[in-house]
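Protein chains get the first letters and strands the later ones, always in sequence-line order, with residue 1 at the start of each. Since the structure is predicted, the reported quantities are computational estimates derived from the model, not experimental observations.
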Number of protein chains: 2
Amino acid sequence: MPEQPHLDAVELGVYLDLIEVTSVIRLAVEHQLREAGDLSYVQFQILARLGSSPSGSHGMTELADGVVYSRSGLTYQAGLLQKAGLVTRAPSRDDERSMIVTITEAGRERLEKVFPGHIEIVRSLLLDPLSREDVETFARLLGPVREHVRTAPARSARSRRRK
Amino acid sequence: MPEQPHLDAVELGVYLDLIEVTSVIRLAVEHQLREAGDLSYVQFQILARLGSSPSGSHGMTELADGVVYSRSGLTYQAGLLQKAGLVTRAPSRDDERSMIVTITEAGRERLEKVFPGHIEIVRSLLLDPLSREDVETFARLLGPVREHVRTAPARSARSRRRK
DNA sequence: TATTGTTATACTCTATAACTATA
DNA sequence: TATAGTTATAGAGTATAACAATA
């Protein structure tokens, strides 16, 4: 390990542990999603976001942020989801330029189909070694981080501006 | 969100937050690694593992676990790293079948080159919204999870046995 | 026979740049 | 002019299966 960290030992430990833990979980989850529901990780994230949205809808740019770097990446994945009948795409009436992506009933069913096995992996790899109290603590810490990450500069927009 | 979780609300929250947070961090980090050091995320993980190993070496299979699903994936990435002069590969003397991958001086330099910017992203996205105490708590929780994940069934071996 | 690693192949995913259309 | 999204293209990464070599 390089020895010029602007992080102290504890911070470095958190970072390295997180890299390792999330990498293993992600690999396992990617495989499960493909096998159980023929979904890529990105496709699952899109469906999950739409599914947990009250309206079941999101604009494309909004959907891209935090999931893919480029808009074209989202266009590709959304195209696959649409072809599979899991989402619909329709132009917004407020702004004719923007596309509203909406999860379909089949999309929700697919989500439900993969969810149990998905959860099982997360439970066995992440949650099992933690006590109930630890899980609650973990939740308390992660909440603010998620908020912070959401308000961080949007990547799909930024990369466009860079031109 | 599907409503048959074997997870309660808190557990589900941890899971969803983790997905979102790690996804954003990973995207940012992947870009930084590519721009600052022309490294893929997997290549960086390989270098980092080798760099933090006392010997600077690892066997291929050992290296594959937790980073890639297939051995061929590692062969590909290790080949790129070798071509770039960042690692060497030599057959083990204990077991002529196995390959020992070792980080080179150039590999360590590359690691040092990307590390500051890398850390900066992790700090700004993950660590900043947490207090010093929170970071320590986080470290305490993550440690056991990492241990657990390490002892989980190895993926590169398992996928082979499935044949 | 089992295991280690490589190779050939085919496929998925991704991003960049150029483009269209709307604001 | 700026923004939303798409498309074409080209490259990078991945896994599966078949393979060679060693244990």
Sidechain N-carboxylate O distance under 4.0 Å for R26(B), E30(B):
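Between E30(B) and R26(B) there is a salt bridge, with a charged N closer than 4.0 Å to a carboxylate O.
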
Any N or O donor-acceptor pair linking the side chain of S72(B) to the base of dA15(D) at under 3.5 Å?
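Between dA15(D) and S72(B), which were checked side chain against base, a qualifying N/O pair under 3.5 Å is present.
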
Please list residues of residues 76-85 of chain B whose heavy atoms come under 4.0 Å from any atom in DNA chain C, ordered by number; otherwise none.
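When residues 76-85 of chain B is checked for heavy atoms under 4.0 Å from DNA chain C, there are no hits whatsoever.
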
Which of residues 93-102 of chain A sit near DNA chain C, with a heavy atom under 4.0 Å from it?
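Nucleic-acid contacts, sorted: D95(A), E96(A), R97(A).
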
For the pair Y15(A) and F115(B), name the ring-plane relationship: parallel under 30°, tilted 30 to 60°, perpendicular over 60°.
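If you compare the ring of Y15(A) with that of F115(B), the planes turn out perpendicular.
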
At less than 4.0 Å, is any side-chain N or O atom of [X] found next to OP1 or OP2 of [N]? Yes or no.
X	N	answer
S40(B)	dG13(D)	yes
R71(A)	dA4(D)	yes
R34(A)	dT16(D)	no
R89(B)	dG5(C)	no

Qualifying residues under side-chain contact (heavy atoms from CB on, under 4.5 Å), relative to Q82(B), sequence neighbours excluded:
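Only V87(B), R89(B) meet the side-chain contact (heavy atoms from CB on, under 4.5 Å) criterion with Q82(B).
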
For L74(B) and dG13(D), what is the distance between atoms CG and P respectively, to the nearest whole Å?
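Roughly 13 Å, once rounded to whole Å.
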
In whole Å, what is the span from the CZ atom of R26(B) to the P atom of dG13(D)?
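It is 12 Å, rounded to the nearest whole Å.
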
As a test of reading the structure: which of dT14(D), dT6(D), dA15(D) is closest to the side chain of Y69(B), going by heavy atoms?
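In terms of side-chain proximity for Y69(B), the closest of dT14(D), dT6(D), dA15(D) is dA15(D).
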
Counting side-chain heavy atoms from CB outward, which of dG5(C), dT14(C), dA15(C) is closest to M60(B)?
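Among dG5(C), dT14(C), dA15(C), the one nearest the side chain of M60(B) is dG5(C).
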
